[in-house]
Amino acid sequence: MTADALREHGWQHAYSGKVRDLYEHEDHPALMLVVASDRVSAFDHVLEPGIPGKGAMLTELSRWWFAQLASGEHSVANHLATGDGLPDVPAEVADRAMLVRRLTMHPVECVVRGYLSGSGWLEYQATQSVCGIPLPAGLRDGDRLPEPIYTPAWKAPLGEHDENVTFERTVELVGAVTAAALRDASLAIFARASALAAARGVILADTKFEFGDDPTTGALTLADEVLTSDSSRYWDATLYAAGGPDRLSSFDKQIVRDWLAAHWDRTGTPPTLPAEIVTRTAARYRELLARVTA
Ligand code: Q0Z
């Protein structure tokens, strides 16, 4: 068992999200271990069974993006721990675990949208704006925005949904200097990442970053998972351009969502996913990883 293997190496469970688990180590209080599971969620439920290899594939994608973003002219610091004297990561979880430095996290989800969809589309229909940013009239679900917008959300307490907020509200939450730094870093990273994805035939529609301050240097540092299909919406550029019914199919668990929508009335416990749905979903995650990191 995973939990036993981690405990034998001194890792104690600290926190679990729907999909990932966080561990800490008594002898290494400055570090944490982020472990991505194969769990998949849709319509706010964690489904059975998991998607074999999902945790490893999303971890590989995060690592790849961290490396891309750390290199080059506009390099971004990240929370991955490197160097000597680091604790063991059990072999059982090595391919889906990231050893990270413990940061002082900022309680803002830094969302950037290049296209209008999801909660942004819902808010737009009600107000013709998203997070206080006015938008042109007449946009449809999935339309490209005139330019990418920063639409932060406040990290709600456990179990509650994050709440879209204005930039001004983030100033109240973290101060003017940090609020501006979060926005500027988020937009700059999105610009780099979406250009890179586009070159590989993938549209990065939107994504969510989380940042913290490095406690030793004070540097703003990219944390959490980055640009995975759990934290981002990726679309197939060819399907999008063709404009057919699948043009906004997300590059990951759309198959799960579609199957569930057709086989469940959204009350009670969701049904078990058939093997074919699981296999096809795993193949989608594999395809995204292969395309992006090609
Ligand atoms: C991330 C989360 C979960 C994974 C706390 N480097 C860091 N320093 C301090 N805190 C965090 C990180 Cl990544 C941190 N989360 C979200 C929850 C699994 C990530 F269950 N919470």
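Computed from a prediction, not measured in an experiment: that's the story for all the values here. Each ligand, and each atom within it, is numbered from 1 in the order the structure gives.
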Query raised in the report: Does R233 make a cation-pi contact with Y115 (under 6.0 Å, within 45 degrees of the axis)?
Result: no

Query - From V89, V93, L6, residue fulfilling side chain to side chain contact (heavy atoms under 4.5 Å, CB included) relative to Y23 - result: L6

Report task. Decide yes or no for D44 and H161: does some side-chain heavy atom of the first lie under 4.5 Å from some side-chain heavy atom of the second? Result -> yes

Query raised in the report: For residues R183 and T178, is any side-chain donor paired with an opposing acceptor at under 3.5 Å?
Result: no

Could you go through ligand 1 and note, for every N or O atom, any protein N or O atom closer than 3.5 angstrom, writing the atom names and distance to 0.1 Å, or 'none'?
residue: ligand 1; atom: 6 (N); partner: H79; partner atom: ND1; Å: 3.0
residue: ligand 1; atom: 6 (N); partner: R101; partner atom: O; Å: 2.8
residue: ligand 1; atom: 8 (N); partner: L103; partner atom: N; Å: 2.8

Requested in this report: Inspect the surroundings of CD in E147 and state if more than 12 heavy atoms from other residues, nucleotides or ligands are less than 6.0 Å away.
Outcome: no

Query raised in the report: Any idea how H28 and H25 line up, ring-wise: parallel (<30°), tilted (30 to 60°), or perpendicular (>60°)?
Result: perpendicular

